[in-house]
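First the proteins, then the strands, lettered A, B, ... as listed; each starts at 1.
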Amino acid sequence: MVTNTEETPKKSLNFIEAFVEQDLKDGKNGGRIQTRFPPEPNGYLHIGHAKAICLDFGIARNYNGICNLRFDDTNPVKEDVEYVDSIQEDIEWLGYKWQNIYYASDYFQQLWDLAIELIKQGKAYIDEQSAEDIAKQKGSPTVAGTESPYRNRPTEESLALFLKMNTGEIAEGAMVLRAKIDMASPNMHFRDPLLYRVITSHPHHRTGYTWKAYPMYDYAHGQSDYFEGVTHSLCTLEFEVHRPLYDWFIDQFKDSDYRPRQIEFNRLNLTYTVMSKRKMLQLVQENLVSGWDDPRMPTICGLRRRGYSPDAIHNFIDKIGYTKFEAQNDIGLLEHAVRESLNKTVSRVNAVINPVKLIITNYPEGKVEMMETGNNPEDETSGTRLIPFSNVLYIEREDFMEDAPKKFFRMTPRQEVRLKSAYIVKCTGCKKDSEGVIEEIYCEYDALTKSGMPESGRKVKGTLHWVSAQHALQAEVRLYDRLFSIENPSADPRDFRDLLNPDSLRVLTNCFVEPSLQTANALDQFQFQRLGYFNVDPDSTPEKLVFNRTVSLKDSWAKEQQR
RNA sequence: UGUCUUAUGGUGUAAUGGUAGCACUGCAGUUUCUGGAUCUGCCUGUCUAGGUUCGAGUCCUGGUAAGACAACCA
């Protein structure tokens, strides 16, 4: 018997999976695994959320547990159904399905009842000071806070006022409910944290004006986890200091062996990108991008519109891992992941985005041949299609040089090149206008070198893509580059809006694509041969085709030129 | 003069006291009807000083550096 341990090495666990397995081994929570993805519906999801989603849903999937979607909707001032809808759409697009969908607002009554319990136990009180005074009394990380003059008011008084906080009798900002813990705690979060505040100015997107007193995050989030039976509450590193308070609340209310466990991991930082919802909102509101789904945005909907596949995003997140180290992830790795994903799955087509005419002087005018070409060399099952060939073609301007260096393998006088899936041609010259701009390029074809014929096996250094001028469709192509010109815009002291890459979008309107693209649908993905991966923008119509460049192909010639 | 946390090639991530490995990037080559893809090789690393141990990236102590925490945000 041969062991197969060498063939299937055990995949190493990340530290969270290791905790989960240990908890399972220890028999905690009856062997149950339950996670949740808890977005606040105040913005669109971005790739950083995707990292959290993959973890929350992935842990549940791998350990036979469940993952729920819960909207942490405790602040009506910022939240909206628009976001509730987009969040669900994005999670599903990523390929996940929640077991249940919950809202923190579902628990407003339970949270309220528990808060009353806390007041009755003398562990919470109503404070009538201004926000400024309360902030002042908090002290600082190195200086202990001071106690509120309302801290020791009678329980009955707090109880009565708390009820009033929810009737509309109390003005916004006039009173808050605070836990009575320790104003001198070295952990700032223990200095009598706020539990409830009054909001009457905005309706809640689900409960309208029913509630006037709304619970704060630390209280609502942890208790929501508890109500739902969450076993592993996974969140990002900045909540580490909140964990003792999370545990404190659980300790106040828990009535069995069950307890949720908060574990923090590093958030996703991408080079040349900002990942803050606030900054993204600003980009959108100030029209610095076209919207949340602008293909330059790191939002899920932006990536989708850009042509990223869910598969690419999963691969990327798989590669970066989960640790407690505050990492800067190279956006090049994301680009690698999408190339790797699309290379295997996407059809190759011909498109010329910076066209110049190529005239084959010895090819009969008016003759049209249909050339057979493979759809995807990486996928044997992808089949072939026919593309029209004639005596006038478009090729890329960059593929011709009148005076070419030795390493230039493309169109240049007296040099043979292959026109992909067609013939080998030899350049004979070109015509220039008075400014010296090349208007037409001339070549002669060798009829014996048609693709598939024996002579076509001749060695030529370069292969060019092309479209037939009379058959090609005109199209708009949008070329995207990194949104920011600085590697780490968040660490730069300058305003992030001054750090935008002025060339992050280039729109080319005079592009030509092969006729088969006439019937392409929005979001369909392609490889434009030798150029990169592109998809059909939702703006595209049969009359006016619009394509987005997802990512360019690796270009070793461009690199060579930079030397 | 606080609490919590982190430190492995350029970047990210493994090694769970026992040969520092993988991916991306970069470089060189192979191959190719995409200067793509493929395949091969190479470069580059345990923050620091002590300690425990037969043996330390891993455990302990001190230092250094970095991050989070003082919203009626989540």
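Between A:Tyr107 and A:Tyr102, the ring-plane angle classifies as tilted under the 30° and 60° cut-offs.
When the options A:Phe162, A:Tyr214, A:Tyr217 are evaluated for a ring pair (Phe, Tyr, Trp, His ring centres under 6.0 Å) with A:Tyr196, the one that passes is A:Phe162.
A:Leu55 has its CG atom 14 Å from the P atom of B:U13, to the nearest Å. Atom CG in A:Leu464 sits about 14 Å away from atom C1' in B:G36, given to the nearest Å. Here B:A68 presents its C1' atom at 14 Å from OH of A:Tyr217, a figure rounded to the nearest Å. In this entry the distance linking CE of A:Met216 with P of B:A71 reads 10 Å, nearest Å. Residue A:Gln527 contributes atom CD, which lies 11 Å from atom P of B:G36 at whole-angstrom precision. Between A:Asn187 atom CG and B:C69 atom C1' the separation is 7 Å, expressed in whole Å.
Looking at residues 193-204 of chain A, you'll see A:Leu194, A:Arg197 sit with a heavy atom under 4.0 Å from some atom of RNA chain B. Only A:Ser451, A:Gly452, A:Ser456, A:Lys459, listed by number, bring a heavy atom of residues 449-459 of chain A to less than 4.0 angstrom from any atom of RNA chain B.
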Next on the checklist: If you apply the rule ring pair (Phe, Tyr, Trp, His ring centres under 6.0 Å), what do you find for A:Phe249 with A:Tyr226, and how did you get there?
Outcome noted: CA-CA 10 Å; A:Phe249 281 122; A:Tyr226 184 76; over 10 Å; no

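Atoms CD1 and CZ, on A:Ile101 and A:Phe37 in that order, are 11.5 Å from each other to the nearest 0.5 Å.
The base of B:G35 does not come close enough to the side chain of A:Arg530 for any donor and acceptor atom to sit less than 3.5 Å apart.
Sequence order on RNA chain B of the closest nucleotides to A:Arg410 and A:Pro39 puts A:Arg410 first from the 5' end.
Base pairing of B:U48: its partner is B:G62, meeting the Watson-Crick or G-U wobble criterion (both donor-acceptor distances under 3.5 Å).
Which of B:A37, B:A71, B:G35 sits closest to the side chain of A:Lys78 comes down to B:A71. In the set B:A74, B:C69, B:G35, the nucleotide with an atom closest to the side chain of A:Met188 is B:C69.
Judged by the 6.0 Å and 45° rule, A:Arg261 forms a cation-pi pair with A:Phe19.
Salt bridge annotation for A:Arg70-A:Glu228: present, with a cationic side-chain nitrogen under 4.0 angstrom from a carboxylate oxygen.
Between the side-chain ring of A:Trp557 and the base of B:G35, a stacking contact exists by the 5.5 Å and 30° definition.
Between the side chains of A:Asn376 and A:Arg348, at least one donor-acceptor pair of N or O atoms lies under 3.5 Å.
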Checklist entry - Quick one: what's the B/S/- string for nucleotides 4-11 of chain B, heavy-atom cutoff under 4.0 Å, read 5' to 3'? => result SSSS---S

